[in-house]
Structures are given as C-alpha cells and as structure tokens.
Protein chains: 2
Amino acid sequence: MRLFEPLRAGAMLIPNRVMVPAMVTHLCREDGLVNEEIIARYSRYAAGGAGLIVVEAMAIHQVKSGPLLRISDASYIPGLRELARRVHQVSDARIVPQIIHFLKAARSGWRQTVDMLSAADIDRIVEQFGDAVARAREAGFDGAELHAAHAYTLSSFLSRTNPRGDEHGGRTLEGRLRLVGRVMENVRRKAGGDFPVGVRFNGEEHIKSGYSVEDAKLIALRLAELGASYLSLSAGGKFEDAVHTPGQVLFPYSGYSGDRAMPGDWLPRALNVRVAAEVKAFLASRGHRTPLAVAGKLSDPADAERVLADGAADLVAIARGLLADPDWPRKVKRGELDRIVQCDYCNVCKTMDGAHRPVVCTLWPKGALQAPAREAPGAAPRWSDGGSGLGATLKDAGVMLSWRKASDAEYYDVYRSEGAGGEPRFLDAVKATLWTDAAALGGRTYRYAVRARDASGRAGPLSGTVAVETPTPDYLTI
Amino acid sequence: MRLFEPLRAGAMLIPNRVMVPAMVTHLCREDGLVNEEIIARYSRYAAGGAGLIVVEAMAIHQVKSGPLLRISDASYIPGLRELARRVHQVSDARIVPQIIHFLKAARSGWRQTVDMLSAADIDRIVEQFGDAVARAREAGFDGAELHAAHAYTLSSFLSRTNPRGDEHGGRTLEGRLRLVGRVMENVRRKAGGDFPVGVRFNGEEHIKSGYSVEDAKLIALRLAELGASYLSLSAGGKFEDAVHTPGQVLFPYSGYSGDRAMPGDWLPRALNVRVAAEVKAFLASRGHRTPLAVAGKLSDPADAERVLADGAADLVAIARGLLADPDWPRKVKRGELDRIVQCDYCNVCKTMDGAHRPVVCTLWPKGALQAPAREAPGAAPRWSDGGSGLGATLKDAGVMLSWRKASDAEYYDVYRSEGAGGEPRFLDAVKATLWTDAAALGGRTYRYAVRARDASGRAGPLSGTVAVETPTPDYLTI
C-alpha cells in the first residue's frame, strides 16, 4: 500500500504516509508544561505506527488561554526534549510540534483582531516564531509546523477578511502573505535552513467573503517558494461565524466553518481531498514537489489509500480516527480492518476541546485518559447462547434497533446494508443496546447487524442480520 | 457540442442544454402581474438561444413581499398566458415558471419558521402548490418547477435544521421529505401526471449543521421516485446565516450560504459540479435517469461543455452569465467566443435583488432595463491612432493599469496572462479606464491587455500587451 511508503520532507524522512495532525489534548495544566499524560498520548501514536506526529499547538507567547502547551521561553525546553526523546524511543515516527500565535479573547465575546496590532507587535510575533522554532530544534524535534490555519494569527493575516490597510493588509494578496513570509524567513535564520518546517493552512475559509481554493493555490505556491518542507491543508475553524455562548470565550469551531474544520457524521467523507488535488496540481504545474498533507474524515482505509493513489496528496492526516484508535496504521498495514476502532464522528472530543477539558474518545474505557495499550487478552465479547436478540421496530423516529448485552461489551458498532447485494457499512458506535436509524428511506429493504467491542476495542463476532422493509410513504402509493 | 443536443425531460423536449435558471427581476409591481418588461426579459433569452427558460419565482399565496410575480389565483392566468405565448413565438425554447411558497418576514428581523405552521397551514400549502401548477398548465407553459432550494418553505422542510418534531419534522429524513412528497402528489393530481414538473433543491446547505451531498443524494432519489421531470441543483441561500440590516427584511443571500448561492468573483468557477456529479452517479446507481441541471459560475463555455462531456449533469444552468449576455448560447454555438459579454461576477445584480430594485446588469447600456437587442451596427469601439496607451504601475494596492478611452466605449474587459506561454484570461469588466490587480504575486511577470466594448457589447480589438515584473518580497530574497 502506498500508505506505508516512506516520504522525504526536507531533511526529514517520514517512514510512512499516515500523519497525526495537531489535536489539542488539554492534558497539560495552565503552566503549559509537558507532563507524563502528554508523553503517553504521543508515545501511543508512535506505538500504533503513525509516520508523522504533529504535537498539539504550543504558544510562542505568554497570553492566558487555559491548559495549552508553551514554547515561549527556554524553561519549556527540558519538558519538550523529554517528549521528543520518549516518542523517538518507541518508533521511527517523526515528531514535530505545531507552533502557534493567537490573539486575545475575552469571555464577553470580545476578541482582538489583526488590525489592532501595531508594527512593533507584528515585529515581535515574527521574532517569537523564530525563537520558538529554534527551541523546537534544541529540544530534539525532527522539525516544526507553523499553524497558519483556522482562527489564529497567521491565518487571520492570510484571510480575505484581513482588514488592515497597510503592507500586512488585506488590500492585496501580497499584503496578506507578508506576515507568514517574514515568519518563515525569521524561522530559517534562527532555526537553520536545514531544519524541516511545515505549514498548515486552510484550503477554504468557509466564511462570508472568505477565501477559496483559488487563493489557497497561490498561498501554497508562496509557501513552497519559501521552502516549506511540507504543507498541510485544513479548512474553516474561524472566529467570524463562531457562536458566542454567554460567559465563554469564543470557540472557533462552533459555526459552519467549525463544522467544516471538524466535520460531524452528516458531512461527506474525505471532504477536503478535491481542494488538495487542485492545490497539488497547481504546485506541480509551477514545478514544486513540496509534500502536501490533507485532513478531513479520512479514517476509512480505502479513502486514505485512494488519496495517495490518485496523487491528490502525499500524506493522509487523520485526527479523530487516530484518537479513537492509535493502532489504525498497524492494523491497516496488517489488513486487520475489522479490528479498527472506528470513529463515528460524534464530536464529543470537539465538545471537550471547546470546554477546555481533557480530550478523550468516548470509545475508550470509561474514565481513561489514554487509548488502551493494546487489545485485552482472553475472550472477545460474545452473546450468550440465546444470541444477540437483534430486533428492529418501525417507529416515528425511524428504524429502532435493539439487542442484548454481550459479555464484556463496552460498546457496539452498528452496520447497515441496503437491498440484496449491498455491502454492510459501519454507521455508528453506541454504548446503549438501542439505536435508531433516522436516515432510512421509506419503500426499501435495509439489513442491520451489530458487533460488540470490549473496553480495549477487541471485537466480538457480527450479530445475525435483521432485515426491515420500510413502509412506502402514502404520497408515493397514490 | 453537447451543449446543443436536445434533451427530453418528461413530456418536454428541450432543444438544447443551456438553461436560464430562475432569476428574480423585480420588473413587476406589487400587483404581481406580468407586464411588457417581463415579457421582454424572457423573450430576450429565447432570442438568444437558451433551451430551457425558468421564469422567476411566482408565489402560490398572497403574502406581502414587494414586487414579485403571483400565480395564486385565476386572475393571474391571462398575463402568464401572454408571457408563455410571446416567448413561444420567438423560438422553440421551453418555458416553465418557478413556483414558490415562502414564509412571512418582518423588517425587525423576525421571520416565521416551519415549526410555526399548523397541520392546516401545511395542508393549505399542499393544495396551493397543486392549484398553482394547474394554473401554469392552463396558461400554456411547457411545465413547471417547484422551488425547494434556498430559504423558502419546501427547502426549510428539507433542511437538516427543520425543527418540527411531527410527521413533517426533522427527526427523520422521511419527515423532512414529507411536504415535498405531498406537494408532488397533489401537483400530479391537479395538473396531470403528464405535465412536466421539475424540482430545484440544494446540493449543500452551507450552514451550521446543514445538510451536505450525502442527504442531497437521497433527496434526489426520492424526487426521482416521485416522477420529477428534471432536477436542478443549487446551493446555500439560507436565512440561518443571513446578516440582518436594521429596518430591512432578512435577505437570504447575505451570509456565507448566500456567497455559495450567488458566488462572487473570488469563488471558483463551476463550484457545484462535483456535487452534481455525485448526485448524478448515485441516481444512476439506483436506475434513475432523471435529467439533472447544475448552476454556479458556469458561464465559461469550456466549463459548460465539460459538465456535459463528463456526465456530471444534463443541463447547464447559467444565471448571471445569461443576464449579462442573453446571446451566450447563439454565440457559443457559432464559436464567436470573443463576442460574449462576460459576467465578471461583480454581483451588483445581487445587490439590486436584495434592495427589491429592478435587476439589471451593469454591462448593459446605462439606464436600460433589458440587454441590448443585438450588437449595434457600424464601427466597433477603437482607440485613436495613438493607441490604447495601456500602462502599468506598481502601487501598494497592486499592479495599477490605466489606458485611454476608446471611441464609443461603454466598458473594458481586462485580461491577464502569467509567464511567457500563459493564456490570457478574462479577469474583470470595468467602466473606468483604471483597474488594479490586487491578486498579483511578487516575483513574477504578468502580461495585461484590455478590450473596449460599446453599449451593445460589441467588442473592439485587444489593446497591445503590457508586461509587468512584480518585485520579489524582501523576505524571499534574503
């Protein structure tokens, strides 16, 4: 599989194409220091076989912002060095920190915007990025990634909504590019031109008057010219359409652009791949081979492989899918697809992020701060001799399934196929022994099955199948 | 060209694949009656060679709403009959009215939502749609189109944000589909099963928690099962993210979803084609060949032809491009591409729509309510012997072009190419003799040219070319 071919990104040899993109964990405290839980989180990804691990965003400055890692002075280096060292002990995965600057925000809903920054403020940000990446090198990371996506400072300068009228301003694309350009130049100077530096940015802003793939192509071109070691495409996640909850700081993943940054179960799989393909083709047309990563509901192994086979991107970034199951790469490589703990895009992790609580997956054992080390030994969950008892009832709210508890079951995967020859597809993962299909169309035959998993994700057998004929709506039969 | 192959949509034979989708004109008065300006508008599309003309939305009910056509009782039939008759006199284009129901809205920003409707209200809407389509048949139209897109009642029921908890409700996809299903059934009963009825709906809602192509595929499937004669895909245009201007009724094209419904110049061309291709392929996989139309920045003839050649859709709906130049089909058929008056997606027409003022194109002669009948006889615009005087200056705001006025010039097209072998591409159409390129990247050579057009759209020769080397930003040269 192409997923397991190595990739060179600048001076960094990445052993395979599976990337853990930056995900806030909120496992640190307000002090912003690396701790054992954080080391455990990233070591677990290494043990699972990911090729490139991007550590959650760490701030280059000392603005108050809840539990968030810092790289804003030398005192953070020992902890970061320990993180890099411990992850390197586990596998040959490459590990880079995501480096972030963000503006101030208040619980009133007020937030600082880029037009409030003085020239001196901007100069300081340029220097802080350079110093932070130099610290990342000193700490033993394999490279660093600049966060120029979503709602943060570099992205706000790149935005079509950048309101500044000066040389860093939104009147021209060059003006919008200026800050990230100066930052890259300073990073090169302070951390060395041979130190791999990737940049994450938005392929589409998904806000009113925001930029689309047309600008993203030109932004990518400039970043390639700046010598970025890799580019990483995300989308949305903006403050402009965020929904303000009274008394809380604006959460930039709470509006439509937030839906697009962390797409829920109702949005399509692989939804940013088309944008990646356009950016990749544009870069190639200008002679640039800078590796490109793409994220966005790519936890289906066939989708992930297709991204690479089609040449749409060079790295497949899987956030929530690897949070649910850090062993995804190992299992895919071995062809153990049924053993993957599949993310159902319920976005409870997103809610935890918004609440500044430790980000865990609901499919992990109750109360656990980390994914299980490996599948538990012993017997897999199974139903007693009476079987699963899987039954389906037609209700106003859709097709209601119910089944018996299986031994040692922590939760159940639900599968559906349509018609006679349809492939059963994973639909959801639920803790209860009840589930309702609200998307079943009338006048069809659906087949359902469930499978129990224990707290370690170990899968039991598929239940028997129950077939349901949904009633044809009255207006169709007349 | 496939663009000029006929297409059968139910009992309707459409002479070619170019469609005028519904565009509000605000040419009628509050009385909602057809007048000569409206007849002139639609006759002009027929003269220009469009295959299917959808007349702007006409209301099935008597809610106050500014200048908007009505089909809400028999008194409107004579005017509508005259419209259909006059358009039929001009060409073999098929003409269908778009039939709409919308809810109440106030200048305070308040608006009625679907959960405020009683069962009796819903029953009344079902009957009103049936009666309206029966009137469309009586008036001599070739079919009718139900408006189930954007911010209006049928679309609000289809929405994933439908808040109703009953049988017409958002708890299930079947509930969301129920109203449009009942409407189709009533329309068939009252207007006859042989009367062609198309449905326009959104491929994506582009609002927080709104539906995506995944639901659009199932909506399309149900509409095909209901016997829709054609389907027409649009996107966005919702109230949920509309920006309220104090003292004005909410305009559903004022938020990001509005950007997606009427994409401005910064959004990609052909931006809904991928969604159309997915819907089309899904319908085909279920054995349905219902013709599909797609809209969204498709006024580039090569793009339009490609949509058909790739099988992404069966009809190419061009709204603003045909408003700018109703002769687009005729000119494309004859290969007279340079003669097309090209829409630059400035969206002044959208602003006029929002202000309830007559919707015209800024590229038409000043003060005109209609596109010019044909190109003026006599000489084309040209520069005097001194030439165009085209010059380019580097400014903070980008590359500033200026040129001399040409004789009889009403406006100028601006073209740009990049590098040595780059094709010149149309970028903008401007009335002044000044234009600034704010999207030029530094460190490149761009070539610019302009072309004058007279008030009838008649094109003069291309000016000479001016080449500009943009300065490389300082941070790239270090």
Side-chain angles (χ1 to χ4, degrees), chain A residues 160 166-167 169 171-175 177-178 181-186 188-189 205-215 218 221-222 225-226 240-241 243 254-259 263-264 266-269 271 274 278 396-398 436-443 470 473-476 478, chain B residues 160 166-167 169 171-175 177-178 181-186 188-189 205-215 218 221-222 225-226 240-241 243 254-259 263-264 266-269 271 274 278 396-398 436-443 470 473-476 478:
Chain A
R160 264 193 96 246
D166 66 358
E167 59 172 4
R171 289 183 310 184
T172 63
L173 183 58
E174 267 301 340
L177 284 163
R178 182 158 181 80
R182 290 183 59 196
V183 164
M184 275 295 276
E185 190 277 326
N186 192 264
R188 291 287 180 215
R189 185 142 35 121
E205 294 195 274
H206 291 293
I207 52 170
K208 178 176 164 71
S209 303
Y211 77 70
S212 74
V213 64
E214 296 305 317
D215 285 11
L218 298 173
L221 177 59
R222 172 55 50 84
E225 289 169 350
L226 284 161
E240 281 77 0
D241 68 348
V243 180
S254 54
Y256 177 65
S257 72
D259 279 2
W266 66 94
L267 286 165
R269 285 158 30 217
L271 78 174
R274 182 188 51 91
E278 285 191 49
D396 281 354
T436 301
D437 184 358
L441 273 190
T470 51
D474 50 1
Y475 56 76
L476 262 178
I478 287 169
Chain B
R160 265 193 95 245
D166 67 358
E167 59 172 4
R171 288 183 313 183
T172 63
L173 182 59
E174 268 300 341
L177 285 163
R178 184 161 180 77
R182 289 183 59 196
V183 164
M184 276 294 277
E185 190 277 327
N186 193 263
R188 291 288 181 213
R189 189 142 34 122
E205 295 194 271
H206 290 294
I207 51 170
K208 179 177 163 72
S209 304
Y211 76 70
S212 74
V213 63
E214 296 304 319
D215 284 11
L218 298 172
L221 177 59
R222 171 55 51 81
E225 289 170 349
L226 284 161
E240 282 77 0
D241 67 349
V243 181
S254 54
Y256 176 64
S257 72
D259 279 1
W266 67 93
L267 286 166
R269 288 161 24 222
L271 78 176
R274 182 189 50 92
E278 284 191 51
D396 282 353
T436 301
D437 184 359
L441 271 190
T470 51
D474 50 1
Y475 56 77
L476 262 178
I478 289 169

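In the text below, chain A, chain B and the rest are named by the order of the sequence lines, each starting its count at 1.
For the atom pair OH (A:Tyr475) and CZ (B:Arg189), the distance works out to 14.5 Å, reported to the nearest 0.5 Å. Here the CG-CE distance, from A:Leu476 to B:Met184, works out to 9.5 Å after rounding to the nearest 0.5 Å. To the nearest 0.5 Å, atoms CG (B:Leu173) and CG (A:Asp437) are separated by 10.0 Å. To the nearest 0.5 Å, atom CG of residue A:Leu221 and atom CG of residue B:Leu441 are 6.0 Å apart.
Contact of A:Ile207 with chain B is made through the backbone alone, with heavy-atom distances under 4.5 Å. Looking at B:Arg182, both its backbone and its side chain come within 4.5 Å of chain A, counting heavy atoms on both sides. Interface remark: A:Val183 contributes no atoms to any contact with chain B (heavy atom separation under 4.5 Å).
Residues that satisfy the side-chain contact (heavy atoms from CB on, under 4.5 Å) test with B:Asp396, not counting sequence neighbours, are A:Arg171. Residues forming a side-chain contact (heavy atoms from CB on, under 4.5 Å) with B:Arg160 (at least two apart in sequence, or on another chain): A:Trp266, B:Arg176, B:Glu205, B:Ser209, B:Tyr211, B:Asp215.
Using a 4.5 Å cut-off on side-chain heavy atoms (C-beta onward), A:Asp474 and B:Arg178 make contact.
Ranked by heavy-atom pairs under 4.5 Å with chain B, the first of A:Arg222, A:Arg269, A:Glu278, A:Arg188 is A:Arg222. Chain B forms the most heavy-atom pairs under 4.5 Å with one residue out of A:Gly443, A:Pro263, A:Gly210, and that residue is A:Gly210. Ranked by heavy-atom pairs under 4.5 Å with chain B, the list A:Asp166, A:Leu271, A:Leu267 is led by A:Leu267.
When atom types are taken as modelled, the side chain of B:Lys208 and the backbone of A:Ser254 share a donor-acceptor pair closer than 3.5 angstrom.
The minimum heavy-atom distance between A:Pro268 and B:Val213, with the atom names listed, is CG-CG1, 3.6 Å.
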